[in-house]
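Just the heavy atoms: all of them, side chains too, but no hydrogens, waters or symmetry mates, feed the values below. Letters A, B, ... are given to chains in the order of the sequence lines, protein chains preceding strands, and every chain is numbered from 1.
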2 protein chains.
Amino acid sequence: MDKQTVTIYDVAREADVSMATVSRVVNGNPNVKPATRKKVLDVIERLDYRPNAVARGLASKKTTTVGVIIPDVTNIYFSALARGIDDIAMMYKYNIILTNSDENGRKEVQVLNTLMAKQVDGIVFMGNDISDEVRKEFERTKTPIVLAGCVDDQDQMPSVNIDYTAAVEEATKNLIDHGNERVAFVSGSLDYPINRDYRLKGYKQALKKAGLRYDDKLVFETDYSYKAGQLLQPALQSVNATAAVIGDDELAAGVMNGVTDAGLSVPDDFEIITSNDTKLTEMVRPKMSSITQPLYDIGAVAMRLLTKLMNNEPVENKTVLLPYGLMKRASTH
Amino acid sequence: MDKQTVTIYDVAREADVSMATVSRVVNGNPNVKPATRKKVLDVIERLDYRPNAVARGLASKKTTTVGVIIPDVTNIYFSALARGIDDIAMMYKYNIILTNSDENGRKEVQVLNTLMAKQVDGIVFMGNDISDEVRKEFERTKTPIVLAGCVDDQDQMPSVNIDYTAAVEEATKNLIDHGNERVAFVSGSLDYPINRDYRLKGYKQALKKAGLRYDDKLVFETDYSYKAGQLLQPALQSVNATAAVIGDDELAAGVMNGVTDAGLSVPDDFEIITSNDTKLTEMVRPKMSSITQPLYDIGAVAMRLLTKLMNNEPVENKTVLLPYGLMKRASTH
DNA sequence: TATCAAGCTGAAAACGTTTTCAATTTGATT
DNA sequence: AATCAAATTGAAAACGTTTTCAGCTTGATA
């Protein structure tokens with residue numbers, strides 16, 4: 001019944017001051033005489049008063065809550081970002097409303113609307129793609145939004161990423177340098193700009209610089225699942241691929257186990273470089289070489305950027321690229 | 001500036017009805033003449049009115065938001081539960097405020113207070129342990145709380161789990177039946193009732209029924225990390241263990257790789273059964289045999305239970321045990 | 001036609017804060 | 001003692017809904 005028994009009004013009455021003064025004390029406003037402050041604090045303690053954040057949100061138009069849209073928490077890549085986001089959010093006294101989108105445009109739009117209705121102060125969006133409907137919603141609102149690990153090919157939204165093109169180019173080059181002339185490119189849907197316009201581009205650049213011909217038979221478009229990777233082995237073999245750059249760690253683990261289970265040796269018969277450097281890379285055998293990304297930091301920096309936007313602080317550049325690297329492990333020579 | 005331009009008042013004015021009527025239309029209250037409803041709906045459409053959930057929350061004392069406390073989203077076991085929670089929450093029109101606790105009692109208490117301040121309608125709590133301070137907070141509030149994958153040794157809180165004792169007993173028995181006389185028990189901290197009072201108990205029961213002596217040298221208490229598992233190999237060897245029941249999949253993967261990297265064969269020299277049946281079990285080589293738990297369902301059922309509690313619906317039994325199983329894979333004979 | 005219940009509707013009071021603005025108090029300065 | 005600025009305080013109006021309760025319409029029934 002009476003969940004919220006004691007209100008600011010009760011405190012004011014008991015302390016014999018106005019609500020305004022109680023509010024000041026609660027919010028640390030310095031314009032309160034120390035004696036008054038103590039008096040109020042004592043009553044607050046005695047009555048066990050807890051400010052109602054909903055009322056506060058209504059009055060102040062700030063909820064100290066931000067929305068986070070994530071394709072799937074269960075995905076180890078995104079959950080690492082989410083952890084970075086939450087830690088920084090907490091540091092700045094925000095809470096996170098987390099929702100899984102399954103990269104489904106309709107769901108994303110619906111979630112965005114719910115978040116706006118709940119008056120979140122800002123939003124962090126993760127995903128492989130920004131559909132047109134979603135972009136429309138983005139443009140429609142004044143609530144600050146930043147993308148984490150999600151490129152905006154139209155370069156309008158604030159975002160934090162790594163340079164996927166350069167990273168994939170470097171990875172591909174590495175494989176080529178090991179003598180592989182037929183390097184496969186395995187990624188999620190090429191409908192996603194991040195794959196088509198960034199990663200694939202890096203792959204092509206590496207080929208070109210090495211003087212190798214681009215062969216679209218070596219490009220495999222699939223979903224990001226372990227299973228999908230596992231089933232890819234026959235196809236890879238049929239096009240005589242001897243190495244692969246792969247866009248997702250679970251997918252890569254699938255490919256690797258598929259290859260291994262088929263009796264081939266990684267890296268002797270087939271080399272693999274994956275993309276996200278999640279802890280999975282260390283758990284499989286052989287350990288997987290990977291492009292390294294500061295996953296946690298991508299989330300953390302995105303959230304930090306969002307706090308600036310929410311406070312109308314000036315922001316130097318809206319799209320930040322974090323450094324990547326290449327970690328050699330046992331799946332490559 | 002004017003984030004929320006159009007209010008229910010604007011709609012009422014334009015449609016020439018009262019706010020009460022608009023509210024009724026928005027909330028699907030049937031006591032509105034169809035003609036009126038249409039008129040209002042048209043204005044809503046025209047003005048692009050979106051109800052403010054914060055104001056709604058204040059007036060109705062319902063936020064359609066529930067708090068979720070999770071040790072670490074990055075942990076594949078908990079994130080699976082979280083996914084189940086979120087899906088069901090969404091199905092029932094709730095949103096999730098997700099916060100990482102790191103199993104830190106102080107942080108948990110603080111988060112609970114924030115959640116209460118934000119007037120969440122309910123809370124799902126995950127963790128290995130309920131500290132005294134946390135329990136005190138639980139008792140202090142009238143907000144419904146349910147535990148997911150988290151036992152309450154005092155059996156006061158609603159919760160959903162599997163029968164850990166029986167599951168571990170069965171797993172241990174399985175190993176014993178394969179001829180292992182020295183089966184190690186590897187888990188997280190034995191300060192946690194779930195390990196000390198449930199899992200370890202099952203382990204002991206299995207030994208007893210098999211006529212084997214309990215040797216506490218075979219009990220390994222560690223943290224739940226991959227790394228910790230990997231470093232355990234020498235210790236396991238020094239006590240002549242030939243098999244292990246392990247309380248967490250990442251930990252188990254660590255142990256297995258530690259053993260394998262030391263030149264031993266799993267399962268020929270060392271058998272392993274792990275506990276959570278996350279997808280990790282299928283990704284490592286050899287694949288790990290595991291106690292199976294319906295991870296997603298634990299979360300889903302917990303959230304479903306919470307919705308009932310929030311609606312004051314009668315609940316048959318407050319602590320639900322979901323079925324477990326034993327999945328044989330390649331890490332056991 | 002009078003009557004009554006059921007169906008609709010609106011006025012206004014919550015909900016629990018923050019914030020504005022004016023009033024009061026204080027203390028230093030002349 | 002008079003004056004003034006600065007410090008402290010309170011009254012009351014937001015904030016945008018829901019909800020209660022009474023009143024008004026209807027249409028059917030006697």
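Distance A:N31 CG to C:dT24 P: 19 Å, rounded to the nearest Å. When rounded to the nearest whole Å, the span between CE of A:M19 and C1' of C:dG16 equals 7 Å. What separates CG of A:D10 from C1' of C:dC15 is a distance of 13 Å, to the nearest Å. With rounding to whole Å, B:K118 atom NZ is found 23 Å from C:dC15 atom P. Rounded to whole Å, atom P of D:dC15 lies 15 Å from atom CD1 of B:I8. Atoms CG (A:N29) and C1' (D:dA7) sit 12 Å apart, rounded to a whole Å. For the pair A:N52 CG and D:dC15 P, the interatomic distance rounds to 19 Å; values are reported in whole Å. One atom, CG of B:N27, and another, P of C:dT9, lie 16 Å apart when rounded to the nearest Å.
Here B:K61 reaches the OP1 or OP2 of C:dG16: one of its side-chain N or O atoms lies under 4.0 Å away. Applying the 4.0 Å criterion to OP1 and OP2 of C:dT17, one finds that A:Y49 has a side-chain N or O inside that range. For the pair A:S60 and C:dT19, the criterion of a side-chain N or O lying under 4.0 Å from OP1 or OP2 is not met. Side-chain N/O atoms of B:S18 include none lying less than 4.0 angstrom from OP1 or OP2 on C:dT9.
Taking a cutoff of 4.0 Å between a charged side-chain nitrogen and a carboxylate oxygen, B:R135 and B:D152 qualify as a salt bridge. The residues B:D42 and B:R46 are annotated as not salt-bridged, no charged nitrogen and carboxylate oxygen being separated by less than 4.0 angstrom.
Listed candidates were C:dT17, D:dT20, D:dT18. Nearest to the side chain of A:P51 is C:dT17. The A:R24 side chain lies nearest to D:dG10 when the options are C:dC15, D:dG10, D:dT17.
The backbone N or O of A:K62 lies less than 3.5 Å from no partner atom in the side chain of A:D121, so there is not a single donor-acceptor pair.
Closest heavy-atom contact between B:P71 and A:R83: O-NH1, 4.0 Å.
Backbone-only contact: A:V32 has heavy atoms under 4.0 Å from sugar-phosphate atoms and none from a base. Here B:V17 lies in heavy-atom contact (under 4.0 Å) with sugar-phosphate atoms only.
Map A:K33 and B:T21 each onto its nearest nucleotide of DNA chain C; the residue landing nearer the 5' end is B:T21.
A:Y77 has its ring centre no less than 6.0 Å from the ring centre of A:Y224.
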